[in-house]
Amino acid sequence: METPKTKAITRFPPSPTGNLHVGGLRTALFNYLYAKRMGGEMVFRIEDTDKERSKKEYEQNILDSLNWVGIKVGEPWRQSERTEVYKGHLKKMIDSGLAYISKETPKEEGERAEVIRFKNPNKKIAFEDLILGTIEVDTTDLGDFVIAKDLETPLYHLAVVVDDFDMGVTHIIRGQEHIANTPRQILIQEAIGAPRPFYGHIPLILAPDKTKLSKRHGAVSVTQYKDEGYLPEVLVNFLALIGWNPGNDREFFTLDELCKEFSLEKVQKSSGVFDVKKLNWMNKEYIKKLPKERLTELVLERVPKDKKDFPSFSQVFEKILPIIVDRIERFDEVTKMFEAGEFDYFFADPVYEKSLLKNTSHLPKLLDILGGITDDNWNAAGIKSAVWDFATEVGRGEVLWPMRVSLSGREKSPDPFTLAEVLGKEETVRRIKMSLE
Ligand code: GLU
């Protein structure tokens with residue numbers, strides 16, 4: 001069905017009536033991948049004919065979101081700038097009897113007394129969907145549908161068909177919610193003499209409860225995922241696998257790799273599920289493999305400012321980075337942990353609650369042992385092996401718990417050996433002495 005020899009021109013035509021939705025990003029992604037794969041390009045169009053609901057800030061959000069994930073688009077076409085073009089087509093259609101001005105009886109105040117309707121030839125249309133196969137529709141049921149309010153105000157179907165024609169679009173890849181629009185658009189194409197593009201209607205994205213993905217399931221806009229601390233390359237990888245698969249069980253793909261692998265033949269017919277657990281897992285896998293520099297940057301930008309003001313911050317941060325990273329699936333958790341005071345004990349003396357320390361009777365002996373560890377061996381493994389036999393002998397909990405609490409002051413913290421390594425020998429000894437007092 002696919003013809004790699006023809007350069008595919010796909011399109012991404014969002015309506016700027018809200019921030020870019022993850023479903024919208026997936027549509028953009030499939031169009032982008034397909035165009036790349038077929039040596040063509042994806043054109044970008046802003047469908048802003050709805051003047052009340054369209055906003056510049058949403059247009060900006062859509063662009064920012066695409067940029068963030070690495071989908072490059074050129075200057076957008078704007079429907080609001082093409083009124084004259086649509087008008088020309090409308091006039092021609094009216095002159096040749098393919099459309100007509102229709103007198104309406106307004107049912108409510110403010111309703112129009114006149115609209116422009118398409119003269120439906122009432123026929124059977126069949127089109128080959130690259131994903132769903134042949135789809136047949138009798139257009140009689142559609143009636144003479146409205147294509148413009150007046151010459152200056154075209155509606156969606158007309159504008160889309162004219163634009164796709166003028167932009168040389170060869171492949172229309174869009175959500176299955178648009179299937180019902182396709183017969184109307186084909187009729188208009190035939191009326192204005194536009195060639196019929198290929199269609200591929202991609203499966204919907206559902207929430208795990210199999211209903212439409214919406215705010216009540218969590219984040220829906222790309223910006224929210226960015227803010228929550230998902231990596232852009234993860235969102236791309238994850239979304240590509242909703243409704244598409246490579247034909248084997250490979251799960252990790254960069255955008256470039258997807259550009260080579262993607263095909264419409266492997267897009268499934270049935271809806272896909274947006275599984276946040278899988279997204280979190282994937283984000284974690286990517287985080288584990290991030291180069292140190294980028295990781296540092298991503299974690300640092302999530303650390304609250306007042307924590308960065310601790311004099312020893314940079315010195316300690318370097319050491320605790322692995323501890324932080326070990327505990328997170330998304331970067332907003334960094335902020336939450338710091339805000340909960342989780343790492344405060346690395347920067348300032350802990351405050352002890354007596355009841356938390358429990359039994360301190362083994363601490364003097366512990367101090368002896370720690371004192372005997374050489375600087376070379378002062379690391380989590382070295383400290384553990386020095387302390388282990390004694391702790392095993394008198395009871396591990398009896399030694400390790402008070403050790404850990406005297407270093408952190410907290411009910412929960414990393415293990416005492418890691419704490420001791422990060423704090424250094426001098427500070428470790430000082431804190432244990434302090435807790436004895
Ligand atoms: N502007 C439409 C939307 O955002 C896209 C229509 C189309 O792909 O034909 O849903």
Side-chain angles (χ1 to χ4, degrees), residues 8-35 41-66 71 73 76-82 86 89 118 125 127 129-132 135 137 142 145 147-148 153-189 192 194-205 212-214 220-223 239 243 264 267 271:
I9 303 295
T10 62
R11 34 69 123 194
F12 179 52
S15 309
T17 54
N19 286 343
L20 184 61
H21 187 284
V22 281
L25 177 58
R26 205 251 332 221
T27 302
L29 181 64
F30 281 17
N31 277 285
Y32 181 78
L33 296 177
Y34 189 72
E41 63 169 318
M42 176 180 87
V43 287
F44 182 39
R45 174 168 85 223
I46 295 290
E47 303 209 320
D48 55 355
T49 44
D50 183 339
K51 291 192 186 69
E52 261 128 63
R53 293 175 60 227
S54 299
K55 298 228 160 65
K56 271 277 170 213
E57 64 186 272
Y58 295 136
E59 193 181 314
Q60 192 56 47
N61 178 273
I62 293 166
L63 252 178
D64 291 346
S65 302
L66 293 175
I71 294 181
V73 291
W77 286 46
R78 265 191 207 85
Q79 290 188 331
S80 57
E81 291 165 4
R82 290 173 43 80
Y86 308 128
H89 281 284
F118 179 74
I125 278 186
F127 67 96
D129 189 285
L130 295 174
I131 294 158
L132 301 170
I135 297 178
V137 189
L142 305 174
F145 52 91
I147 52 173
T153 324
L155 293 180
Y156 163 69
H157 292 301
L158 180 86
V160 160
V161 170
V162 170
D163 288 346
D164 287 340
F165 181 28
D166 287 353
M167 295 169 99
V169 170
T170 60
H171 290 73
I172 293 182
I173 300 168
R174 59 184 177 188
Q176 283 180 11
E177 72 271 23
H178 288 296
I179 292 180
N181 296 330
T182 304
R184 288 183 186 81
Q185 293 174 9
I186 288 176
L187 288 178
I188 300 174
Q189 274 156 20
I192 68 169
R196 186 187 298 183
F198 290 102
Y199 286 94
H201 288 94
I202 61 182
L204 301 178
I205 301 182
K212 196 171 163 239
L213 188 65
S214 74
V220 287
S221 73
V222 175
T223 305
L239 287 174
L264 286 177
V267 173
S271 309

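In each ligand, atom 1 is the first atom listed, and ligand 1 is the first ligand listed.
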Partner of Leu20 by side-chain contact (heavy atoms from CB on, under 4.5 Å), out of Asp64, Leu63, Ile62:
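The single option meeting the side-chain contact (heavy atoms from CB on, under 4.5 Å) with Leu20 is Ile62.
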Residues which pass salt bridge (Lys or Arg N to Asp or Glu O under 4.0 Å) with Glu47, listed by chain and number, not counting sequence neighbours
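If we apply the salt bridge (Lys or Arg N to Asp or Glu O under 4.0 Å) test to Glu47, skipping adjacent residues, the hits are Arg45.
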Excluding sequence neighbours, so at least two apart, what forms salt bridge (Lys or Arg N to Asp or Glu O under 4.0 Å) with Lys56?
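By the salt bridge (Lys or Arg N to Asp or Glu O under 4.0 Å) rule, Lys56 matches Glu59.
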Is the side chain of Asn31 donor-acceptor paired with the backbone N or O of Met42 at a distance under 3.5 Å, no angle test?
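Checked: no pair found.
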Given a heavy-atom cut-off of 4.0 Å, could you list the residues near ligand 1 in chain and number order?
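These residues qualify: Arg11, Pro13, Pro14, Ser15, Glu47, Tyr156, Arg174, His178.
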Please collect all side-chain hydrogen bond (donor to acceptor under 3.5 Å, both in side chains) contacts where either partner lies in residues 14-30, sequence neighbours excluded, each pair once.
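As it turns out, the side-chain hydrogen bond (donor to acceptor under 3.5 Å, both in side chains) pairs with a partner in residues 14-30, which skip direct neighbours, are Asn19-Asn61.
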Does Asp163 pair with Arg11 as a salt bridge, N-O distance under 4.0 Å?
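The answer is no: the pair does not qualify as a salt bridge.
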